[in-house]
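Heads up: the structure comes next, in structure tokens.
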Amino acid sequence: MNRPDVSIVIVCMNRTDNLYPCLQSIRDHTGVSYECLVVAYMFDPAALAKAKEDFPWAEFIESNEIRGFSENNNLALRRARGRFCFVLNDDTEFSTPVIDSLMADFEHLPKNTAIVSPKLVNADGSLQLCGRPPYPARNYLLQQWHRYSEPIDNVSGRQPEFGQVYRSWNITGACFLIRTEIFEQLGWFDETYFFTPEDIALGTLAVNSGYTLWVDASVEVTHKWRTTASRIAPAVRPAAVKGSLLFFSGGSRLRYFLLATGVWFAEFSKRVKARIRWQRSRTEEDRIKLQTFRNITANIFNRLTPKEIFKRYYNA
């Protein structure tokens, strides 16, 4: 069996409304040879059967246990046969040969190139993200206090390597192309992180291992993340915060304590504001926000892993 150029990996949590347009855009705009591995996470059996019927060229991998973004992606990545892996969120679409263009970039970039990412835009066409600067723990803490906002445009005013390809210092897990042999060498996604920051952890590890990351500002992918907010935020957000604290503390207990203290006070202040809003309006949105901040502050200083925290609140 011939080895495909690319293994496309998509994790979908029973959202065929996201998955169908995503898969169709791949079919319509990809010229290189590829295999498509879809991790069907917690899928309704009828929906899964219909998806298999509608997209017979995709391989569906069932995942019916509680797993995070890293674990689910790794289920497919360990089966990948392509020379490259293209990791893609299910709530994305493209209207040009995105994968073909990113693969072509590798031919002109340094040999130590690990990852090339596209520019992400919102559903209305506005810029969502183009390249990422270094993201130290200080910036993470400041962001919790709304004193730092990561720039969405990290290429304007800079010199490109060629065309519109610029050096980047990190990635987003929504969409990126990586050499399979390097991904495997780095150990795939780190499963310590249930939701976040598995992408920042991967990008940081790649850079620290001597590889380079790039973004092609001429290649555009639509990411509809703002339209897919979930009712499970009270389980997702505390797991994400714990994962971020584990990553940015770098294994140091003292560093964790200092960073966690700052984050706890930031999240507690949000909890107080959410409580006031809930008392005034009593909307379902306000209830979810209040519960989310309660769960975050309750789990920052315990010893639970991000996955254990998610399990505690999922469907609670």
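- The main-chain N or O of Phe189 is found under 3.5 Å from a side-chain atom of Asn74 such that the two form a donor-acceptor pair.
- Checking side-chain atoms of Asn18 against main-chain N and O of Asp91 turns up no donor-acceptor pair under 3.5 Å.
- Put simply, Leu142 and Leu245 are part of the same group of oily side chains (I, L, V, M, F, W, Y) that touch within less than 4.5 Å, one to the next.
- Ring geometry, Phe55 versus Trp57: the interplanar angle exceeds 60°, so the pair is classed perpendicular (tilted spans 30 to 60°).
- Asp216 and Ser117 form no side-chain donor-acceptor contact under 3.5 Å, judged by distance and modelled atom types alone.
- In terms of modelled atom types and a separation under 3.5 Å, the side chain of Thr30 and the main chain of Val32 share no donor-acceptor contact.
- Put simply, Tyr256 and Val241 are part of the same group of oily side chains (I, L, V, M, F, W, Y) that touch within less than 4.5 Å, one to the next.
- Remark: the Gln185 side chain and the Tyr211 side chain contain an N/O donor-acceptor pair separated by less than 3.5 Å.
- Between the CG atom in Asn122 and the CD1 atom in Ile152 there is a gap of 8.0 Å [rounded to 0.5 Å].
- A distance of 7.0 Å separates OG of Ser249 from CG of Leu259, quoted to the nearest 0.5 Å.
- Looking at Tyr20 and Asp90, their side chains never come closer than 4.5 Å, going by heavy atoms from C-beta outward.
- Between Glu181 and Arg179 there is no salt bridge, since no side-chain nitrogen of the basic residue lies less than 4.0 Å from a carboxylate oxygen of the acidic one.
- The distance from atom CG of Leu186 to atom CG of Leu205, rounded to the nearest 0.5 Å, is 4.5 Å.
- In terms of heavy atoms, Thr172 sits closest to Asp199 at CA-OD2, 3.4 Å.
- Side-chain contact check for Arg287 versus Trp278: some heavy-atom pair is nearer than 4.5 Å.
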Working for salt bridge (Lys or Arg N to Asp or Glu O under 4.0 Å), residues Glu71 and Lys307: CA-CA 10 Å; Glu71 286 182 278; Lys307 184 173 183 177; 3.2 Å; yes
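- Judged by distance alone, with hydrogens and angles left aside, the side-chain atoms of Gln164 form no donor-acceptor pair with the main-chain N or O of Pro160 at under 3.5 Å.
- Under a hydrophobic-cluster definition in which Ile, Leu, Val, Met, Phe, Trp and Tyr are linked whenever side-chain heavy atoms come within less than 4.5 Å, directly or via other members, Val39 and Ile8 are assigned to different clusters.
- The closest side-chain donor-acceptor pair between Gln143 and Asn139, if any, does not fall under 3.5 angstrom.
- Of all non-hydrogen atoms in Pro234 and Asn295, the two that sit nearest each other are O-ND2, 2.9 Å.
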Pair Glu59, Arg79 - check salt bridge (Lys or Arg N to Asp or Glu O under 4.0 Å), show working. CA-CA 11 Å; Glu59 178 182 350; Arg79 300 190 190 187; 3.0 Å; yes
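- Taken from CD1 in Ile115 to CD1 in Ile178, the straight-line distance is 4.0 Å, to the nearest 0.5 Å.
- Ring geometry for Phe86 versus Phe94: interplanar angle over 60°, hence perpendicular rather than tilted (30 to 60°).
- For the pair Lys270 (side chain) and Trp145 (backbone), a donor-acceptor distance under 3.5 Å is absent.
- Donor-acceptor pairing under 3.5 Å is lacking for the side chains of Ser70 and Glu191.
- Proximity of a side-chain donor or acceptor of Ser244 to a complementary backbone N or O of Ala240 within less than 3.5 Å is detected.
- The shortest side-chain heavy-atom distance between Tyr313 and Val236 does not fall under the 4.5 Å cut-off.
- Environment of OH in Tyr148: crowded, with over 12 heavy atoms of neighbouring residues, nucleotides or ligands closer than 6.0 Å.
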Between Glu308 and Lys311, does the salt bridge (Lys or Arg N to Asp or Glu O under 4.0 Å) criterion hold? Intermediate values first, please. CA-CA 5 Å; Glu308 289 169 338; Lys311 284 185 172 180; over 6 Å; no
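- Using a 4.5 Å heavy-atom cutoff, the side chains of Pro118 and Leu102 are in contact.
- Taking both residues in full, the closest heavy atoms of Thr292 and Ala233 are given as OG1-C, 3.7 Å, listed atom of the first, atom of the second, then distance.
- Taken to the nearest 0.5 Å, the CZ atom of Phe257 stands 12.0 Å off from the CD1 atom of Ile300.
- Under the 4.5 Å side-chain contact rule for hydrophobic residues, Leu246 and Val263 share a cluster.
- Distance alone, capped at 3.5 Å, places no donor-acceptor pair between the Ser63 side chain and the Asn72 backbone.
- Between the CG atom in Asn89 and the CZ atom in Arg15 there is a gap of 12.0 Å [rounded to 0.5 Å].
- Atom CZ of Phe301 is surrounded by more than 12 heavy atoms from other residues, nucleotides or ligands within 6.0 Å.
- The two residues Ala174 and Leu120 make their nearest non-hydrogen contact at CB-CD1, 4.0 Å.
- Asn14 places no side-chain N or O within donor-acceptor distance of the main-chain N or O of Ala40, the cut-off being under 3.5 Å.
- The ring-ring contact (aromatic ring centres under 6.0 Å, His included) pairs that include a residue from residues 118-138 are Tyr135-Phe248, where partners are two or more places apart or lie in different chains.
- The two residues Phe106 and Leu177 come nearest to each other via the heavy atoms CE1-CD2, 3.7 Å.
- Placement of Phe268 and Leu141 within a single hydrophobic cluster is found when ILVMFWY residues are connected by side-chain heavy-atom separations under 4.5 Å, directly or transitively.
- Looking at Leu77 and Glu184, their side chains never come closer than 4.5 Å, going by heavy atoms from C-beta outward.
- Side-chain N/O atoms of Thr283 and Asp286 include a donor and acceptor closer than 3.5 Å.
- With respect to the salt-bridge test (charged N to carboxylate O, under 4.0 angstrom), the residues Lys289 and Glu285 qualify.
- Evaluated for a side-chain hydrogen bond (donor to acceptor under 3.5 Å, both in side chains) with Gln128, the options Lys119, His223, Lys224 yield exactly one hit, His223.
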Would Lys50 and Glu53 count as a salt bridge (Lys or Arg N to Asp or Glu O under 4.0 Å) here? Give the steps. CA-CA 5 Å; Lys50 184 69 165 56; Glu53 178 183 342; 5.8 Å; no
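- For the residue pair Thr113 / Trp214, a side-chain donor-acceptor distance below 3.5 Å is found, with atom types taken as modelled.
- Salt bridge absent: Asp5 and Arg81 never bring a charged side-chain N and a carboxylate O closer than 4.0 Å.
- There is a side-chain donor-acceptor pair under 3.5 Å between Ser156 and Asp153.
- Heavy-atom contacts from other residues, nucleotides or ligands closer than 6.0 Å to CZ of Arg147 number 12 or fewer.
- In the model, Arg271 has a side-chain atom that pairs as donor or acceptor with a side-chain atom of Thr297 under 3.5 Å.
- For Glu65, the CD atom counts as loosely surrounded, since its 6.0 Å shell holds 12 or fewer non-hydrogen atoms of other residues, nucleotides or ligands.
- Minimum heavy-atom separation, Pro238 to Ile309: CB-CG2, 3.7 Å.
- With no hydrogens or angles considered, no side-chain donor-acceptor pair links Tyr166 and Asn154 at under 3.5 Å.
- The pair Glu35-Arg3 does not meet the salt-bridge criterion, since no charged nitrogen lies less than 4.0 angstrom from a carboxylate oxygen.
- Within 6.0 Å of CZ on Arg158 lie more than 12 heavy atoms contributed by other residues, nucleotides or ligands.
- In this structure, the side chain of Lys52 does not engage the main chain of Phe60 through any donor-acceptor pair within 3.5 Å.
- Counting heavy atoms from C-beta on, the side chains of Ile296 and Glu267 come closer than 4.5 Å.
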